[in-house]
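Each remark here refers to the structure printed beneath this line.
When reading the values below, keep in mind they use all heavy atoms of this one structure, side chains included, and skip hydrogens, waters and symmetry mates. Proteins get letters first, then strands, A, B, ... in listed order; numbering begins at 1 in each. Bear in mind the structure is a predicted one, so any value in this text is a computation, not a measurement.
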Protein chains: 2
Amino acid sequence: MTRAEENYLKTIFHLGGSSSHLVSTNAIAEQMETKPSSVTDMAKKLAEKGLVEYTKYQGVSLSKTGLKTALSIVRKHRLWEVFLVETLDFSWDEVHEVAEQLEHIKSEKLIDRIDSLLGYPKFDPHGDPIPSKDGVFFEREQQLLSEMKPGSTGVCVGVKDTSSNFLKFLDKNKIALGDTIEIVEIEDFDQSLTITINGQNMSISHQIANNLYVKKQE
Amino acid sequence: MTRAEENYLKTIFHLGGSSSHLVSTNAIAEQMETKPSSVTDMAKKLAEKGLVEYTKYQGVSLSKTGLKTALSIVRKHRLWEVFLVETLDFSWDEVHEVAEQLEHIKSEKLIDRIDSLLGYPKFDPHGDPIPSKDGVFFEREQQLLSEMKPGSTGVCVGVKDTSSNFLKFLDKNKIALGDTIEIVEIEDFDQSLTITINGQNMSISHQIANNLYVKKQE
DNA sequence: AATCGTATTTGGACATGCCTAAAAATACAT
DNA sequence: ATGTATTTTTAGGCATGTCCAAATACGATT
């Protein structure tokens with residue numbers, strides 16, 4: 001299993017290509033910043049190896065073993081992210097790049113020991129769930145802050161955009177996972193929100209709210 | 001800097017190719033388990049990039065920047081080995097393979113934090129010195145146990161052979177770095193040694209003694 | 001059902017890093 | 001000094017993974 005193959009499987013997984021949902025050549029190319037023709041080549045190769053199902057002009061989806069492989073890479077990526085933040089004091093906006101490299105290290109013992117060192121975390125620093133050794137993970141009940149109604153309350157559980165810029169913005173405004181947010185009001189003309197967080201009122205744009213996952217409080 | 005380039009530089013360093021000492025194509029090929037013709041190709045490429053000096057039919061040696069790069073890879077390899085043993089409870093005979101992969105991770109911050117986490121160790125689990133960030137390291141005063149005279153005493157400081165087999169042998173016989181060894185006698189016909197270690201007498205073959213570094217005690 | 005525009009695939013090409021087989025240079029004999 | 005053995009290089013090829021440009025298929029519209 002080469003690094004390129006692993007990256008393709010991971011991307012297909014992130015684009016929802018599990019359980020026979022088809023992902024288009026174009027979508028993969030865009031996500032990976034490569035060309036559709038390269039994707040076609042790799043699709044053939046992965047299909048050959050039984051890691052994806054591929055139908056010409058239709059798209060690809062992960063096979064059972066393909067999904068298993070993808071999950072193990074995602075697991076490694078997210079565990080390394082936790083390690084970088086928890087053990088080495090990286091901030092959550094600088095872990096992605098390094099984890100992209102570390103996720104390809106081949107040693108089951110290594111990742112299991114890291115898992116144990118960290119106390120078997122269930123979520124990574126961005127709130128994404130970490131698959132267990134045997135590929136099980138819980139999709140947490142969540143929705144975008146932008147989908148909530150005024151008057152409702154939620155706990156911040158994850159981010160959709162994991163770009164450094166967005167994460168730094170959250171840091172600067174003291175918005176962190178675990179914080180409780182109440183929606184006070186939504187402006188009609190630009191969809192911006194007034195929220196209460198940590199006892200303070202503040203205004204955030206629709207774009208921000210559209211990239212923050214919250215868990216609705218009853 | 002590709003992974004292959006890094007591996008070549010590391011190998012040249014280990015074969016003593018610093019400070020204008022020439023290393024032969026064949027030696028590199030053998031060490032890397034590849035063919036001499038491949039080495040020639042890479043030698044040209046590295047010379048092109050200014051990382052080695054290369055004269056046809058003579059051999060290669062590291063340039064200043066080549067040495068710097070090699071040292072940074074060796075530093076990373078050895079720090080990761082310490083991390084695996086100290087933090088993740090790997091045994092010293094199973095760290096090499098994984099460290100071979102980890103040494104290629106590109107993140108200065110990562111390795112510096114690992115260094116700090118470990119308390120800036122000076123030696124790796126096999127007793128090899130760890131270069132500092134700016135490439136400085138101390139070659140410890142040492143000699144092979146097989147070169148010592150009967151009646152002399154030394155402290156075990158390193159291993160020459162780092163193969164899993166040899167290291168497991170040492171474990172099994174309770175020989176560890178830091179132990180004091182006294183040479184009682186050397187057999188004439190097979191060069192085997194009788195030594196006192198941890199208050200016990202034992203016999204070891206010449207081959208074993210030829211792979212153990214000790215520091216002579218005055 | 002024909003057409004237009006987009007998505008996808010094909011064919012040909014390139015860089016990297018490796019290989020084999022043959023040629024060239026060097027080293028070592030006598 | 002000359003021939004032989006060894007080392008090293010060259011030449012040509014192969015696999016991986018990428019790209020571009022051209023050809024092809026799809027699907028939405030009419």
### Query
Looking only at side-chain N and O atoms, does A:Tyr54 come under 4.0 Å of OP1 or OP2 in C:dT8?
no

### Task
Let me know the distance between NZ of B:Lys35 and C1' of C:dA21, rounded to the nearest Å.
12 Å

#### Entry: A:Lys35/A:Asp41 salt bridge by N-O under 4.0 Å criterion
no

### Query
For the pair made of CE in B:Met32 and P in C:dC19, what is the distance, rounded to whole Å?
10 Å

### Query
Taking only side-chain nitrogens and oxygens of B:Asn26, does any of them come within less than 4.0 Å of OP1 or OP2 of D:dT6?
no

### Task
Check whether more than 12 heavy atoms from other residues, nucleotides or ligands sit under 6.0 Å from atom CG of B:Asp188, and answer yes or no.
no

#### Entry: Phosphate OP1/OP2 of D:dT18 contacted by A:Ser38 side-chain N/O (<4.0 Å)
no

### Task
Look at the side chain of B:Met42 and decide which nucleotide, out of C:dT9, D:dT18, C:dC18, has an atom nearest to it.
C:dC18

### Message
Strictly below 4.0 Å: does A:Lys44 bring a side-chain N or O up to OP1 or OP2 of C:dT10?
### Response
yes

### Task
Go through D:dT24, C:dC19, D:dT10 for me and flag the one nearest to the A:Tyr57 side chain.
D:dT24

### Task
Name the nucleic acid region contacted by B:Thr40, choosing base, sugar-phosphate or nothing; use a 4.0 angstrom heavy-atom cut-off, strictly under.
base

### Query
Could you go step by step and tell me if A:His77 and A:Asp124 meet the side chain to side chain donor-acceptor pair (under 3.5 Å) rule?
CA-CA 9 Å; A:His77 182 100; A:Asp124 80 8; 6.0 Å; no

### Message
For a quick test of reading the model: is some side-chain N or O of B:Ser37 closer than 4.0 Å to OP1 or OP2 of D:dT8?
### Response
no

### Task
Mind calculating the distance between CD (B:Glu6) and C1' (C:dT16) to the nearest angstrom?
15 Å

### Query
Do the ring planes of B:Phe83 and B:Trp80 sit parallel (below 30°), tilted (30 to 60°) or perpendicular (above 60°)?
perpendicular

### Task
Measure from CD on B:Glu33 to P on C:dC19 and round the result to the nearest Å.
11 Å

### Task
Figure out the CG/C1' separation between B:Asp41 and C:dA15, and round it to whole Å.
13 Å

### Message
We want to know whether A:Asn26 and A:Ser24 form a side-chain donor-acceptor pair, criterion being a heavy-atom distance below 3.5 angstrom.
### Response
no

### Task
Could you check how far CD1 of A:Ile28 sits from P of C:dT8, rounded to whole Å?
9 Å

### Task
Could you check which of D:dC20, D:dT9, C:dT9 has an atom nearest any side-chain atom of A:Lys56?
C:dT9

### Task
Ignoring backbone atoms, establish whether B:Tyr8 has a side-chain N or O less than 4.0 Å from OP1 or OP2 of C:dT16.
no

### B:Leu46 CG to C:dC18 P, straight-line distance once rounded to whole Å
11 Å

#### Entry: For atom NZ of B:Lys49 and atom P of C:dA15, their distance in whole Å
14 Å

### Task
For the side chain of B:Thr34, starting at C-beta, report the closest nucleotide among D:dT7, D:dT18, C:dC18.
C:dC18

